[in-house]
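Shown next, in structure tokens, is the structure this report addresses.
Quantities reported herein were computed from a predicted structural model and do not represent experimental measurements. Just so you know, these numbers use all the heavy atoms, side chains as well, and skip hydrogens, waters and symmetry mates.
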Amino acid sequence: MPIKQPKRGRLWFNDGSCVRLRPDRPNHVWSYHFVEDRTHDGRKLRMLNVIDEFTRECLTIRIGRRLRSTDVIDVPSDLFILRGAPGHIRSDKGPEFAAKAVREWIAAVGSQTAFIESGSPRENGFCESFNARLRDELLNGEIFYTLAEAKAVIEGWRRHYNAVRPHSALGYRPPAPEVALWPVAQPRPAPPATPTVASAALMN
């Protein structure tokens, strides 16, 4: 007889991860994760993707041969300058994310970590979904010959994903559409006054 499996309830964690922590506004919860690929010569290509879970916008993709905990600090710090610090940053417990320097730095800027449970990638579903789109729509169909080529092509895809590609969870609107501000028509200068018959007579 097969061993009866215990029932599993929904996950509610004291650290605020998974079901309990849901984004309710922009800049509330960010998530980041690594994606790996290879260039044509077989060398590793690593990407660090940062997502705003509420807007579904990909804030940045850092690309390099090697990315360490120092990059995990450096990448969000640039975003903090432009957007401010988020309330929480969600990630797995990989060594780059769980490093003491990273946790202390996140606490120092006023944010909180939200680690998912080991072996539960669905708890980081927003970032996992984005990574799947990145792989299906770009990485599986492209051959990168150099690191510079990979950076240019991937950044172009990221901009298209944010500004053009429709997202089903957003009512088939892109996460961050670009807005074009058309120049406002400037008022034309008044035409020079035409002298009347009386003013012409006075001038004479």
Side-chain angles (χ1 to χ4, degrees), residues 10-39 43-139 144 147 150-151 154-155 157-158 161-162 169 175-176:
R10 300 183 71 187
L11 300 178
W12 297 78
F13 299 115
N14 293 329
D15 64 356
S17 60
C18 194
V19 178
R20 190 169 188 175
L21 177 61
R22 292 185 179 275
D24 56 18
R25 63 185 184 278
N27 220 36
H28 179 205
V29 182
W30 292 359
S31 59
Y32 51 10
H33 199 271
F34 286 112
V35 172
E36 292 188 357
D37 200 34
R38 293 186 180 274
T39 48
R43 298 177 63 190
K44 182 184 292 187
L45 193 68
R46 210 172 192 203
M47 290 152 271
L48 176 60
N49 304 332
V50 185
I51 309 296
D52 187 317
E53 293 191 358
F54 185 83
T55 63
R56 309 297 205 276
E57 181 183 1
C58 176
L59 305 180
T60 189
I61 300 178
R62 170 67 66 89
I63 306 167
R65 296 294 183 183
R66 295 181 180 180
L67 297 177
R68 300 185 176 87
S69 57
T70 52
D71 297 286
V72 174
I73 295 176
D74 182 54
V75 171
S77 63
D78 294 338
L79 295 173
F80 291 173
I81 297 174
L82 298 175
R83 299 172 178 262
H88 298 79
I89 302 181
R90 196 195 312 266
S91 69
D92 58 28
K93 296 179 181 178
E96 299 91 349
F97 302 121
K100 182 180 179 181
V102 175
R103 290 184 283 109
E104 291 179 347
W105 172 77
I106 291 177
V109 298
S111 298
Q112 299 181 33
T113 55
F115 292 116
I116 67 173
E117 286 296 295
S118 301
S120 301
R122 283 186 291 182
E123 294 179 37
N124 198 5
F126 295 101
C127 210
E128 292 290 345
S129 176
F130 173 81
N131 294 345
R133 302 288 79 73
L134 172 63
R135 189 167 297 281
D136 291 344
E137 298 178 10
L138 180 67
L139 301 182
F144 303 119
L147 180 62
K151 289 181 177 180
I154 293 173
E155 175 61 17
W157 181 87
R158 185 189 73 88
Y161 176 89
N162 286 337

request  = Identify, with sequence neighbours excluded, every residue that meets side chain to side chain contact (heavy atoms under 4.5 Å, CB included) alongside N49.
outcome  = V35, M47, I61, F130, N131, L134
key: Evaluation steps, side-chain contact (heavy atoms from CB on, under 4.5 Å), between L59 and E57   = CA-CA 6 Å; L59 305 180; E57 181 183 1; 4.0 Å; yes
key: Pairing residues for F126 by the ring-ring contact (aromatic ring centres under 6.0 Å, His included) criterion, not counting sequence neighbours   = none
query = Is W30 close to R83 at the side-chain level, that is, under 4.5 Å between some pair of heavy atoms?
reply = yes
query = Does some side-chain heavy atom of T60 sit less than 4.5 Å from a side-chain heavy atom of D78?
reply = no
task = Could you tell me the separation between the CG atom of D92 and the CZ atom of F34, rounded to the nearest 0.5 Å?
result = 9.0 Å
key: Residues, nucleotides or ligands: over 12 heavy atoms within 6.0 Å of R66 CZ   = no
task = Would you check if the side chain of R135 reaches a backbone N or O of E36 as a donor-acceptor pair within less than 3.5 Å?
result = yes
inquiry  = Please report the interatomic distance CZ(R90) to CD1(I116), rounded to the nearest 0.5 Å.
reply    = 8.5 Å
key: Closest heavy-atom pair and its distance - A85, V109   = CB-O, 3.8 Å
query = How would you list, by chain and number, every residue that makes a side chain to side chain contact (heavy atoms under 4.5 Å, CB included) with S77, sequence neighbours excluded?
reply = D74, W105
Nearest-0.5 Å distance that lies between atom CD1 in I154 and atom CG in D37 = 7.5 Å
remark   = Heavy atoms of T113 and R103 approach each other most closely as CG2-CG, 4.5 Å
query = Would a line drawn from the ring center of F115 to the ring center of F97 be shorter than 6.0 Å?
reply = no
task = Please round to the nearest 0.5 Å and tell me the distance separating atom SG of C58 and atom CD of E155.
result = 8.0 Å
task = Measure the CZ-CZ distance between R46 and R68 for me, rounded to the nearest 0.5 Å.
result = 9.5 Å
inquiry  = Applying side-chain contact (heavy atoms from CB on, under 4.5 Å) to I63 and L147, what does each step give before you reach the verdict?
reply    = CA-CA 8 Å; I63 306 167; L147 180 62; 4.0 Å; yes
query = What closest approach, in Å, do V50 and V75 show between heavy atoms, and which atom pair accounts for it?
reply = CG2-CG1, 4.0 Å
task = Could you check if a side-chain atom of R65 sits within less than 4.5 angstrom of a side-chain atom of T39, using non-hydrogen atoms only?
result = yes
ask   = How close do F144 and L139 get, heavy atom to heavy atom, and via which atoms?
value = CE1-CD2, 3.8 Å
remark   = Closest heavy-atom pair, R38 versus K44, reported as atoms and distance to 0.1 Å, is NH1-N, 3.6 Å
task = Evaluate the side-chain proximity of P86 to F80: yes if any heavy-atom separation is below 4.5 Å, no if none is.
result = yes
inquiry  = Within this structure, what is the CH2-CD distance for the pair W157 and E137, rounded to the nearest 0.5 Å?
reply    = 5.5 Å
ask   = Taking all atoms of both residues into account, what is the closest heavy-atom pair of R56 and A169, and its distance?
value = NH2-CB, 3.6 Å
ask   = Taking the six-membered ring for Trp, are H88 and H28 parallel (under 30°), tilted (30 to 60°) or perpendicular (over 60°)?
value = perpendicular
